[in-house]
Colleague: 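Got a structure here, written out as structure tokens. Questions coming.
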Amino acid sequence: MPLPPDRLLRAYRQMKTIREFEERLHVEIQTGEIPGFTHLYSGQEAVAVGVCEHLGDADWIASTHRGHGHCIAKGCDVTGMMLEIYGRRDGLCKGKGGSMHIADMSKGMLGANAIVGGGPPIAVGAAIACKARRDGKVAVAFGGDGSCNQGTVFEAMNLAVVLKAPAIFVFEDNGYSEHTGADYAVGSRDIAGRARGFGMPAETCDGSDFFAVHAAMARALELARNGGGPSTIEAKTTRFFGHFEGDPMLYRAKDEVARHRETMDCLRIFRARVTTEGLLDDAALDAVDAEVMGLIDRSVAAARSAAPPTAADLLTDVYVSY
Amino acid sequence: MPLPPDRLLRAYRQMKTIREFEERLHVEIQTGEIPGFTHLYSGQEAVAVGVCEHLGDADWIASTHRGHGHCIAKGCDVTGMMLEIYGRRDGLCKGKGGSMHIADMSKGMLGANAIVGGGPPIAVGAAIACKARRDGKVAVAFGGDGSCNQGTVFEAMNLAVVLKAPAIFVFEDNGYSEHTGADYAVGSRDIAGRARGFGMPAETCDGSDFFAVHAAMARALELARNGGGPSTIEAKTTRFFGHFEGDPMLYRAKDEVARHRETMDCLRIFRARVTTEGLLDDAALDAVDAEVMGLIDRSVAAARSAAPPTAADLLTDVYVSY
Amino acid sequence: MRQLSMRDAINEALHLEMARDPRVIVLGEDVSGGAGGTSGQRDAAGGVFGVTKGLLPKFGEDRVIDTPISESAIIGAANGAALAGMRPVAELMFADFLGVCFDQVFNQAAKFRYMFGGKTACPIVIRTATGAGMNMGAQHSQSMYALVTAVPGLKVVVPSNAYDAKGLMLTAIRDDDPVVFFEHKALYPRKCAVPEGDYTIPFGEAALVREGEHVTVVAIGRMVSFAEKALDALAADGITADLIDPRTLSPLDDETIYESLENTGRLVIIDESPPRCSVASDIAALVASNAFHALKAPIVQITSPHTPVPFARELERLYVPSPQAIETAIRRLVKQ
Amino acid sequence: MRQLSMRDAINEALHLEMARDPRVIVLGEDVSGGAGGTSGQRDAAGGVFGVTKGLLPKFGEDRVIDTPISESAIIGAANGAALAGMRPVAELMFADFLGVCFDQVFNQAAKFRYMFGGKTACPIVIRTATGAGMNMGAQHSQSMYALVTAVPGLKVVVPSNAYDAKGLMLTAIRDDDPVVFFEHKALYPRKCAVPEGDYTIPFGEAALVREGEHVTVVAIGRMVSFAEKALDALAADGITADLIDPRTLSPLDDETIYESLENTGRLVIIDESPPRCSVASDIAALVASNAFHALKAPIVQITSPHTPVPFARELERLYVPSPQAIETAIRRLVKQ
Ligand SMILES: Cc1ncc(C[n+]2csc(CCOP(=O)(O)OP(=O)(O)O)c2C)c(N)n1
Ligand SMILES: Cc1ncc(C[n+]2csc(CCOP(=O)(O)OP(=O)(O)O)c2C)c(N)n1
Ligand SMILES: [Mg+2]
Ligand SMILES: [Mg+2]
């Protein structure tokens, strides 16, 4: 059953928002105004949106160091995020978190995480809460190909299987963990196979194809919501930028990114499919593009002019009470 | 090709030594003279000996909290072990380690380990050393069914695959981790399947049958020694005592141990096979039995009368130099 | 009044709070036990020290969760469940196992609130067995309070008796911040008078166990009873002390220590852990910075030596601070 | 003399020692980089801070080992290789990741020798990037010395400049005990004169960076240069100090501090980590116990606040002790 046009358009808008958010950050970072280091999600949008399109605010996701896409797909406020990345007082985390620690419980976003492998156990905990409350909600753990070598991830997978927790593990294999290829570091290069080794269903899909991810997630979700326990989705994808901003990418063939932008761009692939199949027309998509550019412009302008945190902010929020 | 009689007899002697060491400890512990808590290996002897029969002093093993069997199979001095378990100054570790920390580098024994999952990464490191030195040696990591849920174990497995390290992972599925059944806690109940998920060969064998373990190990060893990298052996076995001494075993059916002593006793199974096939005769085996009993008697007597450590010992051996 | 062991006092607190608040869940290895076993008997363990006994039959498998041996997953899951609105009580069988899940403790639980700009809370309790004295060897005997006391965002509780343990546990579960709750193995069977029903003991309020005039003694956990023994012996010679049990190490009630020092001018701190960067050193440093002028003599720290915990009975006995060593140290100090 | 950055000084030490001793191996994430990539280029990273650059081309893949993201396996493998006779130098990309491998650090490496009755050694070096100041957020900016200094069996090194870093690294690799070597991210590009060739700096010998009369200042790592700035400003007013850089926190050269205090009577300790159970508190406690009578005024500890490391530039600047804060504190102290 194809998605109705309004949901398709929303999915496109989210993917486009992520893309422009990231492409714009890539530019703004050159100005030196953005503190710290930033990991851009550009190229992987179809995974975040294909998965989160199914979820409501009361479902949960746990994200990674490369978290902007997951945040936007899960509904976090784009301007609040931009302010946070700039380290502003009115940022989503009051400037205390930054790019790698954006979270919003009201949107079911359990946090980006600067510790590779930090998120999956947390997502399983949220799934346990859903199960205990019998609220029919699920929790999704995002992770990269590199994260699938971290022991915490396997502990989380096994625990979810044992408890039949409504948890879904989404691995985005973008080919690299930092400067090292997945074909080197992922022993089997078969993340789905690992998941099956733990006793859960797992499938591999094309992470540049929104519809492929969306369909895989539909199956995982049905299982989880019907008490069938966890499952895994391995999405093959690519990142259009370096590991972090400033990475010279010596480990990638010179033309690799250009080639991937040509052949693995989820926005192009989406547009081609929906227009060919007559589900949406170019005009509607162009309108979204314009709308998104405006949103990003406004959020950058807001972030630039926003006030920084003050000395008083340093000592608050460590404890609820102490 | 069947093992020559002297090696068969040695294997039997080791299994018998482990058995009697443990059965005797079980008795001696009632006297209150043995400090701490002890995990007995009785019932699993064929695994330790089936594996270590292939190894020399320059090969390595990393053991677990249930380590007496591995120590004896790897050639650690039985009296030194007994003294250590009694906490004596002349124990293998000068009374500083105890039952859960017996080690002897000169025998390639990297240590029992009171941390579940502590050993496998260490074994992989020893395998890396073998590889770097090209000395043709291997490292074996022993672990239980429970340990196969600990993230460190998977990290070690993946690292070994990535580096094609001559490491062999031996999981002894004795059905329980403490008070919890493996069919509950091991998501898939298929440890070999997990190992295959990481991209290494793995096989399951009958851990009560010395010959089955020995054959599986021969295959793993050939692979490792020929640069083929790691593999996994999952041995199905049973423990004849509680998790630790004092465990009332409320989680086991009342007759389970009795049944297993009847049907899964590796010593009986071994004796039946070698006598039926005419490889050894009962007289030779009985002679070993007598010899072993003497050894155990003497080691207990030695441990009982040995001197405890003194105040001066408390502060030494923390650093090589400080 | 009814006498309860510390084990039973904590068990009672868990029962009370689980009955009162449906958000409370308990998870850990063998917290009930028997899952998947062949006896058909659940609650076969109730925790290896029996502290969670009886919870499963009463509250069911959704709220009393046996886990695989996966400490990172256990604490991580507690964290996630807390972010999602539950109040998990996770059991780490031995405090020494903090190593295998330390990231979830100090990088996750401790930092969520701050990193997320105060917009969330992570109300977990990590219960764990601590301390030497049972010949359990170097990896099952450590006193690791300092490691978590050092971490901003965590609260740290070390009860010295059954009464406190119950009241502090109820406070811990109701507290909105992550709490690490150390239960000394040697104290589990120790009994004292424990009221029925609900009562709480606030965090950051030390107990003045005894009042005296010559010296201020701060003792942690099991060391409180050791200090009492030493003081009993000293009473014969007319030496008396303020004996302070901080009960919570973070927050720490340093004010009570400073006030006592105004009277005594002499400080002895007794801590079962090794000396470097310990809670003993932390308290000594606070005093040397904030109550220096009250001090009439060097601060005395009585700790274990800078070694791992040894196995042999004779060595472990020498390792743990003894009532005799405490007595000698106090005697020497009051003479200065 | 030739000026070298701390990054290059450590790199040179690694080159020298790998050439000298075939037992030395290097392992960690991206220590060379490029494995499995599509460019065909190895040594594409040389560590994310470039400290291990050039080792792979020179010493090959058996001795310079890129690993998956598996810190427990990395440190565990280093431990096992050390027990089997190698001298591994493991890189933990950021000290904050100690959490995911802490068991291998404190329950294994630190305890082998003692638990095994002195019959083995575990000569590993764990190199790791430490410290705040680059807006890397709460999980990439911590100063975690105290956590390992607390552990008997570990040695802890925190160089404050390139010269020391090279000499201490050579000592660390040749040392037979496990060493945790903290490299401050902000110091990597900082240059100073560094001799070519082989030289070592012994553990447990503090550097007396400056001599003075009014106060003893103990500063750790990056804080040494901050203290120097503060002292430069104070010189105008005739205030001078003994500035002591411990260089190794375990073993700690406390004697040098006591000796200095005999002259100055006043102590300021500067430590970038949060205050509780910190190295600052450890040193303060040692002094309050062992050199109390030399003290003329309260000990001053200048540390970060009891909070996680904040992200925003303005907040992180307030978080890290500043030369101004140090100056003010010293000024106030000498007046007392
Ligand atoms: C525990 C831990 N180890 C190492 C790192 C450093 N690090 C950050 S991202 C990263 C690579 C992650 O690779 P992958 O999981 O494939 O995610 P991707 O960056 O491709 O999105 C590494 C090694 C970290 N943040 N945490
Ligand atoms: C990290 C850690 N977690 C928990 C324990 C407590 N513990 C000791 S043995 C054990 C069960 C191990 O089960 P298994 O691996 O099957 O080995 P077996 O006891 O059956 O030999 C547990 C949970 C521990 N020692 N270390
Ligand atoms: Mg990746
Ligand atoms: Mg088992």
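For clarity, every value in this text was computed on a predicted model and none was experimentally measured. Chain naming here is simple, since letters A, B, ... match the order of the sequence lines and numbering starts at 1 in each.
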Colleague: Examine whether an atom of D:Ser72 lies under 4.5 Å from a heavy atom of chain A, and if so say whether it belongs to the side chain, the backbone or both; otherwise answer neither.
Modeller: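 Interface part for D:Ser72: neither.
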Colleague: Take D:Glu29 and A:Thr180 through the side-chain contact (heavy atoms from CB on, under 4.5 Å) test and state the conclusion after the steps.
Modeller: CA-CA 8 Å; D:Glu29 294 157 20; A:Thr180 296; over 6 Å; no
Colleague: Pick from D:Ala35, D:Ser32, D:Gly34: which one has the most heavy-atom pairs with chain A under 4.5 Å?
Modeller: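 Highest number of pairs under 4.5 Å: D:Ala35.
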Colleague: Is the closest side-chain heavy-atom distance between D:Pro305 and A:Leu314 below 4.5 Å?
Modeller: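 The answer is yes; the side chains approach within 4.5 Å.
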Colleague: Quick one: do A:Thr310 and D:Glu314 satisfy side-chain contact (heavy atoms from CB on, under 4.5 Å)? Show the steps, please.
Modeller: CA-CA 7 Å; A:Thr310 66; D:Glu314 294 74 10; over 6 Å; no
Colleague: For A:Val318 and D:Pro308, work out which heavy atoms get closest and say how close.
Modeller: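 Here A:Val318 and D:Pro308 meet closest at CG1-CD, 4.0 Å.
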Colleague: Partners of A:His70 by ring-ring contact (aromatic ring centres under 6.0 Å, His included), sequence neighbours excluded?
Modeller: A:Tyr41, A:Phe142
Colleague: Parallel, tilted or perpendicular: which describes the rings of A:Phe37 and D:His140, with under 30° parallel and over 60° perpendicular?
Modeller: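 If you compare the ring of A:Phe37 with that of D:His140, the planes turn out perpendicular.
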Colleague: Just how far is it from atom CE of A:Met100 to atom CZ of D:Phe311, taken to the nearest 0.5 Å?
Modeller: 8.5 Å
Colleague: Using atom types as modelled and distance alone, determine if a side-chain donor or acceptor of D:Ser70 lies under 3.5 Å from a backbone N or O of A:Gln150.
Modeller: no
Colleague: For chain D, which residues from residues 252-260 of chain A have at least one heavy atom closer than 4.5 Å to it?
Modeller: A:Arg252, A:Ala253, A:Glu256
Colleague: Tell me, side chain or backbone of D:Glu316 under 4.5 Å from chain A's heavy atoms, or both, or neither?
Modeller: neither
Colleague: I want to check something: taking the side chain as every heavy atom from C-beta on, are D:His306 and A:Tyr319 in contact at a cut-off of under 4.5 Å?
Modeller: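 Touching, per the 4.5 Å side-chain cut-off.
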Colleague: Tell me, side chain or backbone of D:Met134 under 4.5 Å from chain A's heavy atoms, or both, or neither?
Modeller: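 Contact with chain A is through the backbone of D:Met134 alone.
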Colleague: For each of A:Gly151, A:Gly97, A:Ala311, tally heavy-atom pairs with chain D at distances under 4.5 Å, and name the one with the top tally.
Modeller: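 Sorted descending by pairs with chain D, the first entry is A:Gly97.
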Colleague: Using side-chain contact (heavy atoms from CB on, under 4.5 Å), reason through A:Lys96 and D:Thr307 one step at a time and then give a plain yes or no.
Modeller: CA-CA 11 Å; A:Lys96 285 171 168 169; D:Thr307 75; over 6 Å; no
Colleague: Could you tell me the separation between the OG1 atom of A:Thr38 and the CG atom of D:Asn135, rounded to the nearest 0.5 Å?
Modeller: 10.0 Å
Colleague: Looking only at heavy atoms, which of residues 185-194 of chain A get nearer than 4.5 Å to chain D?
Modeller: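 Within residues 185-194 of chain A, the residues that come under 4.5 Å of chain D (heavy atoms only) are A:Ala185.
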Colleague: Could you report the tightest heavy-atom contact between A:Gly87 and D:Ala312, atom names first, then the distance?
Modeller: O-CB, 3.3 Å
Colleague: Taking the side chain as every heavy atom from C-beta outward, state whether A:Tyr251 and D:Thr38 have any pair of such atoms under 4.5 Å apart.
Modeller: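 No - every pair of side-chain heavy atoms lies 4.5 Å or more apart.
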Colleague: Quick check: closest heavy atoms across A:Asp183 and D:Gly36, and the distance to 0.1 Å?
Modeller: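 Shortest heavy-atom separation between A:Asp183 and D:Gly36 comes out as OD1-O, 2.7 Å.
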Colleague: Quick one: what part of A:Ile85 sits under 4.5 Å from any heavy atom of chain D, side chain, backbone, both or neither?
Modeller: backbone
Colleague: Using salt bridge (charged side-chain N to carboxylate O under 4.0 Å, His left out) as the criterion, list what pairs up with D:Asp30, not counting sequence neighbours.
Modeller: none
Colleague: Atom CZ of residue position D:Arg190 - does it have more than 12 heavy atoms of other residues, nucleotides or ligands inside 6.0 Å?
Modeller: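 Check fails, neighbour count at 12 or below.
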Colleague: Contact part of D:Tyr319 toward chain A, heavy-atom cut-off under 4.5 Å: side chain, backbone, both or neither?
Modeller: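 Both parts, backbone and side chain.
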Colleague: I need the D:Ile69 CD1 to A:Glu178 CD distance, nearest 0.5 Å.
Modeller: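 Answer for the CD1-CD pair, D:Ile69 versus A:Glu178, is 6.5 Å.
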Colleague: From D:Gln139 CD over to A:His101 NE2, what is the distance, rounded to the nearest 0.5 angstrom?
Modeller: 4.5 Å
Colleague: At a heavy-atom distance under 4.5 Å, which candidate from A:Gly95, A:Gly91, A:Pro308 has the highest pair count against chain D?
Modeller: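 Sorted descending by pairs with chain D, the first entry is A:Gly95.
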Colleague: Taking side chain as everything from C-beta outward and backbone as N, CA, C, O, which of these in A:Asn113 sits under 4.5 Å from a heavy atom of chain D? Side chain, backbone, both or neither.
Modeller: both
Colleague: Any side-chain to backbone donor/acceptor pair from D:Ser39 onto A:Leu250? Under 3.5 Å, distance only.
Modeller: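 Checked: pair present.
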